[in-house]
There are 2 protein chains.
Amino acid sequence: MVTVTMADVAREAGVSPALVSLAFRDAYGVSATTRTRILETARRMGYQPNRAASRLASKSDDTLGVFLLDLHNEVFADMFDGMREAARTAGRELVLTVGSIGGSLDRPALDSLVRARVSAVVAGGLLLPDAELAEYRGRLALVSVARVVPGFDAVASDNVLGATLAVEHLVRLGHRRILHLATPPTDGYGGRREGYLRSMSDARLEPWVLTCDYARQAAFDLVMPLLGPAAPDREQPTAIFTHNDQTALGVLDAVHAHRLRVPEDISVVGYDNTSATKPPGVDLTTVDLHAADLGRRATEIAVVRSEDPTREPMVETFEPSLVVRASTAPPPKGHLIR
Amino acid sequence: MVTVTMADVAREAGVSPALVSLAFRDAYGVSATTRTRILETARRMGYQPNRAASRLASKSDDTLGVFLLDLHNEVFADMFDGMREAARTAGRELVLTVGSIGGSLDRPALDSLVRARVSAVVAGGLLLPDAELAEYRGRLALVSVARVVPGFDAVASDNVLGATLAVEHLVRLGHRRILHLATPPTDGYGGRREGYLRSMSDARLEPWVLTCDYARQAAFDLVMPLLGPAAPDREQPTAIFTHNDQTALGVLDAVHAHRLRVPEDISVVGYDNTSATKPPGVDLTTVDLHAADLGRRATEIAVVRSEDPTREPMVETFEPSLVVRASTAPPPKGHLIR
DNA sequence: ATGAAAGCGCTAACAA
DNA sequence: TTGTTAGCGCTTTCAT
């Protein structure tokens, strides 16, 4: 591979390397004509600055790191859209690392970003416990998206509110046996479960929580046995509220597998409002996390943070909203009378 | 942010920086005891090597770049799974860049990888024309996934075969009016369209091709007017074969919106075998691209390539396979008699 | 407006 | 087995 260096460009353009550097970062003090000549020469030679070298030489670095938990969950694609938009606006580059559903890749991914010496990291879907994340304090400027991590910046969403909106919607429709598929207990993600429990209690209803992995298949496997005709009638939920859309889709899969109808036989509410919930065939009622907005705002904060690493951590909280679609309706008559 | 350097660790461990460097890359010639002491000290201090510095100092770099077209399309998540597995096996780090559906971000993303001076790039879903990619020859070691790019390594899939499998399956079921939703004409992605045209011709059927963007919504919008009762009967397809799963899902959306049934009223075949096609409610017949396998193999080749940038470009071609599910059946009787 | 020179944190000979 | 030294390709004073 032929690699063009700044010195090559300088020689070709008949100037000093320093001037090329200045021209590329359009600093003041380079005459317009020389600048154009330098840039033109560089373009002709296919020169791209060596980022490793510039990062090393300059104290400040303009690239931001991104961590996303799982590419198979579209909510992270939504977040990324927002991040990219904000990065573009701020003129920052983004380097992406990816975790995995179990959370076992959180650490390797973050360490990789530490090694890359990015000026700040925007992280969506971190699963590492607060205590372990604390080890990164002072070593990595981190902005957490959709989860509050003590000691770090965060752009959060009011999950308690989101769950409350969902449950109250179902209660208002007349549901009483509302099952909640909750995340495995992980630091920072308890809000949806908590909001569910609180709203159920407020409505004087008995809570029913099952813990469920993030994957569609996991929800399917978990719910299948609950819906069979074999299951005792009173145990059948009339509505299921899940902690994310993936699992809601898994629930729909199970419902369809039993040849039951949504919402006539059972109502389903998801969380995240990913695009897969929108199509006519799905039409899922869900809580909109506003993932792109969270990602955008978190990135803006990361920019600020990278310019001033010392200021106090800031936490901004967004409000989710309920998107009512066709997957929710009053429960079947038998259940209403009860 | 406190940043620990190699010199810090060396001082603390009472050795020279060079020895720390050796210890970290567990080279021969460092006594076991010193190595453990060094590593232990480093761990205690939270030291992570500065990758910018090591990349600069060493000619060879062990990180691979990844380009993925679009995070909203799960086929790229599948590819990435394979890439990551291979990278892990080879002990390489991965840095990810993301493009966008229109292809307008291909260049910025690739340039970013050039600036990062990664040793090789594995690219899935490149949309840049062959001629423009040619500019990167000699400047970027590129392994293209699922597309052949002249002058570069590639792990391709036999798209002509894939389309043939799909069409022959439909023809065998008795379909005659088979619509194909093809990609916009882009270098390297003509195979599916070509395979469709050839198989239709072989079956003495009239081809019917509409060009359709990659997105689910685009397919929905395109197909909606074709399925309405208002549409002249003879113009209604009995089967639709799409260039990817996203668009197939869009077709299903449109079919459902018209309250038509799959496969009784119309058959649908997708392409990619992403996980969203598998659930009971979807159960889409599709061509399996084996995306993870492609990604894995491409990454293995990238490793080889980065160790020997001079060898001839190699192209490996995988065979797709047809996954028959519930979205295909013989056409409605009326059409059979015709 | 431009150039010279030092140094960022590492690696890679070469010495010891 | 360990230390010394000279860069890697940039940025950044400081001169000119």
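Note that these values count all heavy atoms, side chains included, but never hydrogens, waters or copies made by symmetry. This structure is a prediction, so every number in the text was calculated from the model and none was measured.
- With salt bridges taken as basic N to acidic carboxylate O contacts below 4.0 Å, one links B:E40 and B:R43.
- Ionic pairing of A:R297 and A:E300 is present here: one or more N-O contacts between side-chain nitrogen and carboxylate oxygen are shorter than 4.0 angstrom.
- Residue contacts for B:F24: at a heavy-atom cut-off of 4.0 Å it reaches no nucleic acid atom on any strand shown.
- Distance, A:R117 CZ to D:dT11 P: 19 Å, rounded to whole Å.
- Here A:Y47 does not reach the OP1 or OP2 of D:dG9: none of its side-chain N or O atoms lies under 4.0 Å away.
- OP1 or OP2 of D:dG3 sits under 4.0 Å from a side-chain N or O of B:S16.
- Here the side chain of B:A57 is nearest to one of D:dC10, C:dT11, D:dT2, namely C:dT11.
- Note: CZ (A:R55) to C1' (C:dG9) measures 13 Å, nearest angstrom.
- Mapping B:S31 and B:S58 onto DNA chain D by nearest heavy atom places B:S31 closer to the 5' end of the strand.
- Listed candidates were D:dT11, D:dC10, D:dT2. Nearest to the side chain of B:T34 is D:dT2.
- Between the P atom of D:dT5 and the CG atom of B:L22 lies a distance of 17 Å, rounded to the nearest Å.
- Here B:R25 lies in heavy-atom contact (under 4.0 Å) with sugar-phosphate atoms only.
- Nucleotide C:dG9 holds its P atom 7 Å from the CG atom of B:N50, rounded to whole Å.
- Checked against the 6.0 Å centroid criterion, the rings of B:F24 and B:Y47 qualify as a close aromatic pair.
- Rounded to a whole Å, the CD atom of B:Q48 is 11 Å from the P atom of C:dC10.
- Of the residues near DNA chain C, A:V15 and B:P17, the one whose nearest nucleotide (by heavy atom distance) lies more toward the 5' end is A:V15.
- Taking atom CZ of A:R51 as the reference point, atom C1' of C:dC10 lies 18 Å away to the nearest angstrom.
- A salt bridge does not link B:D62 with B:R25: none of the charged nitrogens is closer than 4.0 Å to a carboxylate oxygen.
- Comparing D:dC10, D:dG7, C:dG3 against the side chain of A:A18 picks out C:dG3 as the nearest.
- For B:L56, taking side-chain heavy atoms from C-beta onward, the closest of the listed nucleotides C:dG3, D:dC8, C:dC10 is D:dC8.
- Between the C1' atom of C:dT11 and the CG atom of B:L19 lies a distance of 13 Å, rounded to the nearest Å.
- Of the candidate nucleotides C:dT11, C:dT2, C:dG3, C:dT2 has the atom nearest to the side chain of A:V30.
- Counting non-hydrogen atoms of other residues, nucleotides and ligands closer than 6.0 Å to CZ of B:R35 gives a total above 12.
- Spacing between atom CE of A:M6 and atom C1' of C:dG3 amounts to 14 Å, rounded to whole angstrom units.
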